[in-house]
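Take a look at the structure below.
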Amino acid sequence: MKRLLVVVTSGLFGGSAWIVGMITFFGPAQSILADPNLQSAKFRAVMEQIEPLPRMANNVCIIIIGLLLIGIIYSIVFSFVGPKLSGSNLQKGTKFGLISWSLMVPWFEFYLPWNVMHEPILLVLLEAFCWVLVMISVGISISMAQGFLNSRK
């Protein structure tokens with residue numbers, strides 16, 4: 001029961017870090033990523049004109065709940081992978097964030113933004129950079145939370 005509580009709690013920390021990371025790292029980048037002079041017409045149409053609009057356009061809670069649940073999934077994975085990583089909780093979290101990034105972002109950015117949405121390569125690279133910062137934040141949050149919670153008797 002304690003292990004489940006540790007995983008869920010640290011997952012909620014990770015999901016919260018994901019939300020804060022999106023705001024912190026993607027927020028400032030939006031002036032570039034959403035610039036109509038730089039962004040593809042296809043991307044702008046999907047996000048702004050083609051019905052139905054993305055689900056988050058009508059209900060931002062979907063993103064919040066989704067990221068908290070995904071944080072729990074990442075925490076479950078970290079509970080298996082984390083003990084095999086060397087270093088402090090900070091180092092383990094950074095490594096896990098980089099592993100998470102490498103397993104998700106290259107494929108995602110290649111397939112959807114670059115391939116399907118025809119985003120310019122420089123925007124794809126900016127997004128990938130923002131993602132690495134978010135994923136490291138998530139990894140560190142989960143690792144630090146699990147380390148702290150597991151150390152309490």
For Ser86, side-chain hydrogen bond (donor to acceptor under 3.5 Å, both in side chains) partners two or more places apart: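 Lys95.
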Using side-chain hydrogen bond (donor to acceptor under 3.5 Å, both in side chains) as the criterion, list what pairs up with Ser75, not counting sequence neighbours. Ser10, Gln146
Checking [X] now: which residues fulfil side-chain contact (heavy atoms from CB on, under 4.5 Å) with it, not counting sequence neighbours?
{"X": "Ala45", "value": "Gln49, Ile50"}
{"X": "Leu12", "value": "Val8, Leu68, Ile72"}
{"X": "Ala41", "value": "Arg44"}
{"X": "Thr9", "value": "Leu5, Phe13, Leu149"}

Is any side-chain heavy atom of Leu33 less than 4.5 Å from a side-chain heavy atom of Glu127? yes
Please check if [X] and [Y] belong to a single hydrophobic cluster, counting links between Ile, Leu, Val, Met, Phe, Trp and Tyr side chain heavy atoms closer than 4.5 Å.
{"X": "Val20", "Y": "Leu67", "result": "no"}
{"X": "Val81", "Y": "Ile73", "result": "no"}
{"X": "Leu133", "Y": "Leu90", "result": "yes"}

Write down the atom of Gly14, the atom of Ile142, and the distance for their closest heavy-atom approach. CA-CG1, 3.6 Å
Taking all non-hydrogen atoms of both residues, which atom of Pro83 and which atom of Lys92 are closest, and how far apart? CA-NZ, 4.3 Å
About how many Å separate [atom2] of [Y] and [atom1] of [X], when rounded to the nearest 0.5 Å?
{"X": "Ser141", "Y": "Ile136", "atom1": "OG", "atom2": "CD1", "value": "11.5 Å"}
{"X": "Thr94", "Y": "Ile140", "atom1": "OG1", "atom2": "CD1", "value": "3.5 Å"}
{"X": "Ile64", "Y": "Ser16", "atom1": "CD1", "atom2": "OG", "value": "10.0 Å"}
{"X": "Ile19", "Y": "Ile65", "atom1": "CD1", "atom2": "CD1", "value": "9.5 Å"}
{"X": "Ile63", "Y": "Met56", "atom1": "CD1", "atom2": "CE", "value": "5.5 Å"}
{"X": "Met144", "Y": "Ser88", "atom1": "CE", "atom2": "OG", "value": "7.5 Å"}

Tell me which pairs pass ring pair (Phe, Tyr, Trp, His ring centres under 6.0 Å) where either residue lies in residues 56-96, with sequence neighbours left out. Trp18-Tyr74, Phe78-Phe96
Enumerate the residue pairs fulfilling ring pair (Phe, Tyr, Trp, His ring centres under 6.0 Å) with a member in residues 28-55, sequence neighbours excluded, ordered by first and then second residue.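 Matches after skipping sequence neighbours: none remain.
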Would you list the atom pairs, donor with acceptor, under 3.5 Å between side chains in residues 102-124 and any protein atom, with sequence neighbours excluded?
unit_1, atom_1, unit_2, atom_2, d
Ser102, OG, Leu98, O, 3.4
Ser102, OG, Ile99, O, 2.8
Glu109, OE2, Trp131, NE1, 3.4

Where at least one partner belongs to residues 22-31, residue pairs that pass side chain to side chain donor-acceptor pair (under 3.5 Å), sequence neighbours excluded: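 The answer is none; no pair qualifies.
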Give me each pair satisfying side chain to side chain donor-acceptor pair (under 3.5 Å) with a member in residues 53-70, each pair once, sequence neighbours excluded. none
For Trp101 and Ala128, indicate whether the former's side chain and the latter's backbone hold a donor-acceptor pair under 3.5 Å.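 Yes; judged by distance alone, with no hydrogens or angles, the pair exists.
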